[in-house]
Participant: 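Got a structure for you, questions after.
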Amino acid sequence: MTSTQQRTPGTEAVEYRPGRWLALSVLVLAVLLVAVDATVLGLATPYISEDLKPTGNQLLWIGDVYSFVIAGLLVSMGSLGDRIGRKKLLLVGALAFGAVSVLNAYATTPEMMILARALLGVAGATLMPSTLALIRNLFHDPRERSLAVGIWGAMASAGTAVGPVVGGFLLEHFWWGSVFLINLPVMAVLVVVGFKLLPESKNPKPGPWDLISVLLSLIGMVAVVYAVKEAATHGPNGVAGATGLLGVVALVWFVRRQLTLPAPLLDMRLFRHRGFSGAVLADLLTILGLSGLVFFLSQFLQLVQGRRPFEAGLAELPAAVGAVVAGLIAGRVARRYSVRSVVSAGLAAIGLALAALTVLSKSTGYPMLGAVLLMVGVGAGFSFTVTADVILSSVPKDQAGAASAVSETAYELGAALGIALLGSIVTGVYRDFAVPAGTPADVSSAAHESLGGAVEAVRGLPPHTAEPLLFAAQDAFVNGMRIAAGAGAVVLLATAVAAWFLLRGQKLEDSAEPVEH
């Protein structure tokens, strides 16, 4: 692809690729796909529960194993893209993502579903860092890059809207596996068009890809997250302690190894940049406070309020609309005011929205839910777009893949921890509900596993037994969501305060980068 050059006041010639916006459209397809895949799972959960009959723990694993694996591999895959080429890694990952989606669609047991989700995480780890890194190398003008990052983030948010709506339609007309098969046509377009439009980019002096570091990163991340999940679900125990210790040792070893390698998998010196570290921490804690609740929201809309899947998908639209609009203007607003004010205000907005959900009840009207979701979307759109821009602009282009991977790792690790911690709060509160007298033991056991299990279990009971049991289960589920929302609100408001100090003096770039020869 040829390039054009333009001089801006006070800078050297800047490279402008004529096809950069078309190339961006291909990159956001990958982002859209990953976002859709994450959101449709929430809608499909009641159907998966009915068909595969997972236990409560297996249901949590189905929800978060994707994040576990992707968090463990993102840094390695981002570094691999820097070495072999980001375009190449993106296209190979897209093919793998499509193939594994078929395995997800036709899973026949909870164990097979968990394995399929884990493999999807391996493929997904190649997509996200590659897309952000390619944006860093496609757009050399900071204002253009801010807009491109905003579009990238907006499409991720749009995926959260498209996923439930499309997923809801498919679930009402087909079986639950169809929500995974929609990945195939999107991936086909991405591979064919991306092969022609995307420019290749990589580190010109990459050094070897250190497999020991890859294993340490994977073991460390997965072990730490598993330990947190185990402790949150069953309380502190020997398994959680041993696994957590293994994870910490692996991560410490990983960091020490990176500091001694001539060509590290991840340059730890990036964290000396206060803006970079602050943006990464803000992303991690924001998703931690948000994701556990979001995972259960679709179940609340369907299994508590009785909405059909398509209606539940439409009900979640305000969050995506708010995030899309905020993401597109976030760069401009941050330049007019400041990075820290935009990020902190966005995080505070999410925190206040979650705090409003502490008064949630089965009869809560949609106007309140819609307003809360819109507020969450606007806050997330401002915060995530600006922090992504800060992370990308803090590093040299050659390290864009690794830096993007750190950003995405914070996102996925936060999602895994959020589902593990806040999800475990919901599950723990739910399991304590008292069943009505006379409920058969097998029905009681199934009902205590998950709300989906309760809905399925009461179908064979007489109304005078079924209604009190379902009412008790729904009430316990909502009570768990209220407590989780309160915990999430505390995390988000504390993160808003931390971001105000950590991002002090941080600015988005205004001058364009010179052409490199």
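One-based numbering along the sequence shown.
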Participant: Applying side chain to side chain contact (heavy atoms under 4.5 Å, CB included), run through Val100 and Val122 and close with a yes or a no.
Facilitator: CA-CA 10 Å; Val100 178; Val122 176; over 6 Å; no

Participant: Measuring only between side-chain heavy atoms, which start at C-beta, is Leu127 closer than 4.5 Å to Met187?
Facilitator: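 Result yes, sub-4.5 Å side-chain heavy-atom pair found.
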
Participant: Got Phe300 and Leu360 here, is their nearest side-chain heavy-atom distance under 4.5 Å?
Facilitator: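 The answer is yes, as the side chains (C-beta and beyond) meet within the 4.5 Å cut-off.
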
Participant: Minimum heavy-atom separation for Ala496 and Ala348, please, with both atom names.
Facilitator: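 Taking every non-hydrogen atom into account, CB-N, 3.8 Å.
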
Participant: List the atom of Ala489, the atom of Ala355, and the distance in Å for their closest heavy-atom pair.
Facilitator: CB-N, 3.6 Å

Participant: So which atom in Ala125 and which in Leu73 form the shortest heavy-atom distance, rounded to 0.1 Å?
Facilitator: CB-CB, 3.8 Å

Participant: Short question: side chain of Ser341, backbone of Ser338 - any donor-acceptor pair under 3.5 Å?
Facilitator: yes

Participant: Could you check whether any side-chain heavy atom of Leu451 comes within less than 4.5 Å of a side-chain heavy atom of Val304, counting everything from C-beta outward?
Facilitator: yes

Participant: Which heavy atom of Ala148 sits nearest a heavy atom of Ile135, and at what distance?
Facilitator: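 Answer, listing the atom of Ala148 first, then Ile135: CB-CG2, 4.0 Å.
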
Participant: Is a side-chain donor or acceptor of Gln305 paired with a backbone partner of Gly365 at a separation under 3.5 angstrom?
Facilitator: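 Not confirmed, Gln305 side chain does not pair with Gly365 backbone.
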
Participant: Please report the interatomic distance CD1(Ile483) to CG(Leu357), rounded to the nearest 0.5 Å.
Facilitator: 13.5 Å

Participant: Side-chain contact, heavy-atom cut-off 4.5 Å: Asn104 with Arg117?
Facilitator: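 With C-beta onward as the side chain, the pair touches.
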
Participant: Would you check if Ser101 and Leu120 make a side-chain contact, meaning some heavy-atom pair closer than 4.5 Å?
Facilitator: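 Yes, side chains in contact.
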
Participant: Cation over ring, Lys362 on Phe477, under 6.0 Å and within 45°?
Facilitator: no

Participant: Nearest 0.5 Å, what's the CG-CZ distance between Leu119 and Phe97?
Facilitator: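 Reported value, rounded in 0.5 Å steps: 11.5 Å.
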
Participant: For Lys53 and Ile48, run side chain to side chain contact (heavy atoms under 4.5 Å, CB included): C-alpha distance rounded to whole Å, both residues' side-chain angles, the deciding distance at 0.1 Å, then the answer.
Facilitator: CA-CA 7 Å; Lys53 296 179 173 52; Ile48 293 172; over 6 Å; no

Participant: Taking the side chain as everything from C-beta on, heavy atoms only, tell me whether Thr387 gets closer than 4.5 Å to Val280.
Facilitator: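 With C-beta onward as the side chain, the pair stays apart.
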
Participant: Taking Leu503's backbone N and O only, do any of them form a donor-acceptor pair with Arg340's side chain (distance below 3.5 Å, no angle check)?
Facilitator: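 No, Arg340 side chain to Leu503 backbone: no donor-acceptor pair under 3.5 Å.
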
Participant: What distance separates Ser361 OG from Met481 CE, expressed to the nearest 0.5 Å?
Facilitator: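 Result: 11.5 Å between the selected atoms.
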
Participant: Side chain to side chain contact (heavy atoms under 4.5 Å, CB included) for Thr385 and Asp389? Distances and angles first, verdict last.
Facilitator: CA-CA 6 Å; Thr385 302; Asp389 204 340; 5.8 Å; no

Participant: Is the shortest side-chain heavy-atom distance between Leu147 and Trp21 below 4.5 Å?
Facilitator: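 The answer is yes; the side chains approach within 4.5 Å.
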
Participant: With rounding to the nearest 0.5 Å, note down the distance linking CE in Met113 to CG in Leu103.
Facilitator: 9.0 Å

Participant: Keeping the roles fixed (side chain from Tyr366, backbone from Ala315), state whether a donor-acceptor pair exists under 3.5 Å.
Facilitator: yes

Participant: Mind listing the closest non-hydrogen atom pair of Met375 and Leu352 along with its distance?
Facilitator: CE-CB, 3.8 Å

Participant: Would the distance check show the side chain of Ser178 and the main-chain N or O of Trp175 forming a donor-acceptor pair, the cut-off being under 3.5 Å?
Facilitator: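 Yes, Ser178 side chain to Trp175 backbone: donor-acceptor pair under 3.5 Å.
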
Participant: Between Met112 and Thr109, is any pair of side-chain heavy atoms under 4.5 Å apart?
Facilitator: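 Yes - at least one pair of side-chain heavy atoms lies under 4.5 Å apart.
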
Participant: In Å and rounded to the nearest 0.5 Å, what is the CG to CG distance from Leu374 to Leu317?
Facilitator: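 One finds 11.0 Å between CG of Leu374 and CG of Leu317.
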
Participant: Output all residues satisfying salt bridge (Lys or Arg N to Asp or Glu O under 4.0 Å) with Glu311, sequence neighbours left out; order by chain, then residue number.
Facilitator: Arg307

Participant: State whether the number of non-hydrogen atoms from other residues, nucleotides or ligands found under 6.0 Å of Phe471 atom CZ is greater than 12.
Facilitator: no

Participant: Quick one: pull up OG1 in Thr495 and CD1 in Ile350 and give me the separation to the nearest 0.5 Å.
Facilitator: 9.5 Å

Participant: If a pair satisfies ring-ring contact (aromatic ring centres under 6.0 Å, His included) and one of its residues is in residues 422-447, list it, with sequence neighbours excluded.
Facilitator: Tyr430-Phe433, Phe433-His448

Participant: Are Val343 and Phe382 close enough, and set up right, to give a side chain to side chain contact (heavy atoms under 4.5 Å, CB included), and what steps lead you there?
Facilitator: CA-CA 6 Å; Val343 173; Phe382 277 124; over 6 Å; no

Participant: Identify the heavy atoms of Ala334 and Val342 that sit nearest to each other, and give their distance.
Facilitator: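 Looking at all heavy atoms of both residues, the shortest contact is CA-CG2, 3.7 Å.
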
